[in-house]
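Since the structure comes first, as structure tokens, the remarks are kept for the end.
Basis for what follows: all heavy atoms, side chains included, without hydrogens, waters or symmetry-related copies. Naming convention: chains lettered A, B, ... in sequence-line order (proteins, then strands); numbering from 1 in each chain.
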There are 4 protein chains.
Amino acid sequence: MPDPNRRNENSRRAILDATRALLAETGYADLTVGAIAARAGAGRQTIYRWWGGKSAVVLDALVDTVAAEGMTLPDSGDLRADLRAVLRATVAEFADPVLSATTRALTIETLADDDLAAQVRDRLLRPQLDAVKDRLRAGGVPPEVDLDLAVELLFGPLYHRWLLRTGPLDQDYADGLVDLVMTAIGDRRSG
Amino acid sequence: MPDPNRRNENSRRAILDATRALLAETGYADLTVGAIAARAGAGRQTIYRWWGGKSAVVLDALVDTVAAEGMTLPDSGDLRADLRAVLRATVAEFADPVLSATTRALTIETLADDDLAAQVRDRLLRPQLDAVKDRLRAGGVPPEVDLDLAVELLFGPLYHRWLLRTGPLDQDYADGLVDLVMTAIGDRRSG
Amino acid sequence: MPDPNRRNENSRRAILDATRALLAETGYADLTVGAIAARAGAGRQTIYRWWGGKSAVVLDALVDTVAAEGMTLPDSGDLRADLRAVLRATVAEFADPVLSATTRALTIETLADDDLAAQVRDRLLRPQLDAVKDRLRAGGVPPEVDLDLAVELLFGPLYHRWLLRTGPLDQDYADGLVDLVMTAIGDRRSG
Amino acid sequence: MPDPNRRNENSRRAILDATRALLAETGYADLTVGAIAARAGAGRQTIYRWWGGKSAVVLDALVDTVAAEGMTLPDSGDLRADLRAVLRATVAEFADPVLSATTRALTIETLADDDLAAQVRDRLLRPQLDAVKDRLRAGGVPPEVDLDLAVELLFGPLYHRWLLRTGPLDQDYADGLVDLVMTAIGDRRSG
DNA sequence: CTATAATCGAGACGGTACGTCACGTCTTTGC
DNA sequence: GCAAAGACGTGACGTACCGTCTCGATTATAG
């Protein structure tokens, strides 16, 4: 119904900025449309005019921040070392409160809204996973190994521990995980 | 504050039953404390007296059912087969729309509420993971393998795929996962 | 806090109408804010936005009706007769069960809430008393008589008997009261 | 139903004491049965066993405090002076916060409960009014004056001003009131 | 001098109304 | 015709009391 040409770009940006700020401050659950509008100096209706509601705004706010980082893994020749670097970086992200809060919010979105979940998966997650997949392929993993599964074998336990807090999520965990997965995919101390 | 000795067991059961029934009918999001109370023929205050709110009741309702099931894995002598059975069952649970939606919603709550997270982890999840851990230990896994890590290597990818819908979550996936993990933990066709 | 300019006049009127209707049907004690809102087709919040609660709405509902009546006493030239008419009318109001119950309830609130008391006094009562005062002044009452006291000499006993039910509250009582007060303020059969 | 012989006198007294204390502290409206029971160290059921509810307890608490004072007016020979003394005393009662709160609570009772109103009227009020009536009769008031009306002419305006706060309630008011009433009942400087 | 029955303090129970909060829509006023 | 502002109907929230009911523990008669 509304005409996108006449849309106010300042309002749009102010709303997304306010959303990010409030996400970090209060978390997703305590976030309200009214609070976003107030913080952005916008009317509540402006949000409902251009987005479907809280979840759509949050998704929009997060996607264009997180996306579009260089999505190829470095190849040092040592696969085990490269994977360690990636997983250690992921652990570090989870340890950072702001980044963790953001991922948390994003995950909630993914859980609650099937339609938006696809976007998150394809625009944010897939590039990262595919980069690791490419590195695995280049690392000489036997062809009979399902690379999608292998990638999830790396990240799945990490997410699991982060989500469910089943134990400490530190570099040792990342390293141990890499070692196990290297064995699983047939490594004999090469890479 | 309230005295657990004087608690009315009938009310407790009626509330948990009503919660399960309404979860199946309306889903978690549209579930309200008032509706639970009405369905259970209980007062709303009775729910707030014994639980913290909707999420706590739902957790209790789920734990209540899961707890009834014996929390030791069958030991057929064939570790690989037993693990396949467990993971296939988990996949089946995730395939059930009601159970899946409930777990999804509870996971969202978990992200916002640390206390709830601990409860979910310890009462809902840990027993299941520990049962698998016990089966691994009995299965002759080499002592240098970190069993906690091994268990998360089994369930982490499953949760990852379920949460982020990165691909089909079916029995083939479960089987492939078991095979990889068996290799990771040094299986040589025994168990 | 809210802006009176943006107030919805339809809601205001519907709420006051509903209040009067429910007062007549159920009485003051069984009146609830929720019932008023439901009957008026309004939101409960709308009532709390503009009034302090049940008592304030009831007060407004009553003022609204009383204010419509012209607040000057007829001057027939015969002061005694005019006063009789006023007091007889007051007695009649007290005889009406609905009006009587409402005034009774409002008086109870008045005893507990100083702000409400001031409102009742100034908006509901004072206009009536002042009208009588004006009539007394026009009727040639000697200047040394305190008119405020004179007015209360008329209405005080009426309220007393109504409140405390010390005896029949009928037209004879009103007439006898007027006669006594006429004597008190120095009447010699004029006016 | 309950057996009055087995009634615990300590509980009874503690409840009535607590009621009086809370009346003075919080007023009638904010008084709750639970608070009375808690303050009295009694169970809530004990109150419901022996009284009908809040109003019945309050009545009971007040009646046996206020009642049974010497209920005859002094006769100095000067009727005007004696009436002044009575009305000034009443004004003083209304000025005392505790006594005023008590009367306030009692008045609320009178307003809200028809059945109990009669008891209040007959056991508390009537003796006082009758005492004044007797003094008027002894003071040589002309026989054609309705003494009930005359008494209410004295106390009605006082209650009116107290209830509705239409002006200052002080000794001057009491004196002016007595003067007017003396005129009304035909006084020519005697008594 | 028991026993046995009612009262007691305590407090959980099914309810009902409260006053608040956020929702998503609608209305007003000014660019 | 979009925007800021904010009132509106709706409905869930969590709290406070209500009056009833269920507990042992404590009297206080009646056998």
Side-chain angles (χ1 to χ4, degrees), chain A residues 1-8 10-12 14 30-35 37-38 40-50 52-54, chain B residues 1-12 14 30-35 37-38 40-50 52-54, chain C residues 1-12 14 30-35 37-38 40-50 52-54, chain D residues 1-12 14 30-38 40-50 52-54:
Chain A
M1 197 61 123
D3 179 354
N5 296 338
R6 311 201 49 166
R7 181 167 187 180
N8 185 331
N10 288 338
S11 291
R12 189 188 141 275
D30 293 344
L31 190 66
T32 67
V33 174
R44 219 132 41 83
Q45 187 61 224
T46 302
I47 294 181
Y48 286 111
R49 190 172 1 252
W50 300 112
K54 169 164 99 161
Chain B
M1 200 56 131
D3 180 353
N5 296 338
R6 314 200 48 169
R7 183 165 187 179
N8 185 331
E9 175 62 16
N10 289 339
S11 292
R12 189 189 140 273
D30 294 343
L31 191 65
T32 68
V33 174
R44 219 136 40 85
Q45 190 66 58
T46 301
I47 294 181
Y48 287 112
R49 188 169 7 248
W50 301 111
K54 171 167 92 161
Chain C
M1 201 56 130
D3 181 351
N5 296 339
R6 314 201 50 166
R7 183 168 187 179
N8 186 330
E9 174 63 16
N10 289 339
S11 292
R12 189 189 140 272
D30 293 343
L31 190 65
T32 68
V33 174
R44 218 136 37 85
Q45 189 66 58
T46 301
I47 293 181
Y48 287 112
R49 190 174 359 253
W50 299 112
K54 170 166 94 160
Chain D
M1 197 64 119
D3 180 353
N5 295 339
R6 311 201 52 165
R7 181 168 187 179
N8 185 331
E9 174 63 14
N10 289 339
S11 291
R12 190 189 140 272
D30 295 343
L31 190 66
T32 67
V33 174
I36 295 174
R44 220 133 38 83
Q45 187 62 224
T46 303
I47 293 181
Y48 286 111
R49 193 176 354 255
W50 300 110
K54 168 166 101 159

>> Give me the atom names and distance for the closest heavy-atom approach of Ala40(B) to Ala14(B).
In response: CB-O, 3.5 Å
> Do any side-chain nitrogens or oxygens of Ser11(D) fall under 4.0 Å of OP1 or OP2 in dG9(E)?
Replying inline: yes
>> Can you tell me if Arg49(C) touches the phosphate of dC8(F), counting only side-chain N or O atoms and a distance under 4.0 Å to OP1 or OP2?
In response: yes
> Mapping Glu9(C) and Gly53(B) to their closest nucleotides on DNA chain F, which lands nearer the 5' end?
Replying inline: Glu9(C)
>> Any side-chain N or O of Trp50(C) below 4.0 angstrom from OP1/OP2 of dC8(F)?
In response: yes
>> List the residues meeting side chain to side chain donor-acceptor pair (under 3.5 Å) with Arg44(B), not counting sequence neighbours, and say none if there are none.
In response: none
>> List the residues meeting side chain to side chain contact (heavy atoms under 4.5 Å, CB included) with Ala35(D), not counting sequence neighbours, and say none if there are none.
In response: Leu22(D), Thr32(D)
> When you check every protein heavy atom under 4.0 Å of nucleotides 25-31 of chain F, what one-letter string (B, S, -) results, 5' to 3'?
Replying inline: --BB---
> With sequence neighbours excluded, what pairs up with Arg6(B) under the side chain to side chain contact (heavy atoms under 4.5 Å, CB included) test?
Replying inline: Asp3(B)
> Between Thr46(A) and Ser11(A), which heavy-atom pair has the shortest distance, and what is it?
Replying inline: CG2-CB, 4.5 Å
Measure all distances between protein nitrogen or oxygen atoms and nitrogen or oxygen atoms of nucleotides 1-3 of chain E, and list the pairs falling under 3.5 Å.
none

> Tell me: CG of Asn10(C) to P of dA7(F), nearest whole Å?
Replying inline: 17 Å
>> For Pro4(C) versus Pro2(C), what's the shortest heavy-atom pair and its separation?
In response: CD-O, 3.3 Å
>> Rounded at 0.5 Å granularity, tell me how far CG in Asn10(C) sits from CG in Asn8(C).
In response: 5.0 Å
> Between Ile47(A) and Val33(A), which heavy-atom pair has the shortest distance, and what is it?
Replying inline: CD1-O, 3.9 Å
N/O to N/O distances under 3.5 Å, protein versus nucleotides 15-17 of chain E:
from, atom 1, to, atom 2, distance (Å)
dA17(E), N6, Arg44(B), NH2, 2.9

>> Can you measure Ile47(B) atom CD1 to dA12(F) atom C1' for me and round it to whole angstrom units?
In response: 13 Å
>> Just verifying a value: how many Å separate Trp50(B) CH2 and Arg12(B) CZ, rounded to the nearest 0.5 Å?
In response: 11.0 Å
> Quick one: is dG9(F) close enough that its OP1 or OP2 comes under 4.0 Å of any side-chain N or O from Thr46(C)?
Replying inline: yes
> More 5' along DNA chain E: Asp3(B) or Arg7(D), using each one's nearest nucleotide?
Replying inline: Arg7(D)
>> If I take atom OH in residue Tyr48(C) and atom C1' in nucleotide dA7(F), what distance separates them, rounded to the nearest angstrom?
In response: 18 Å
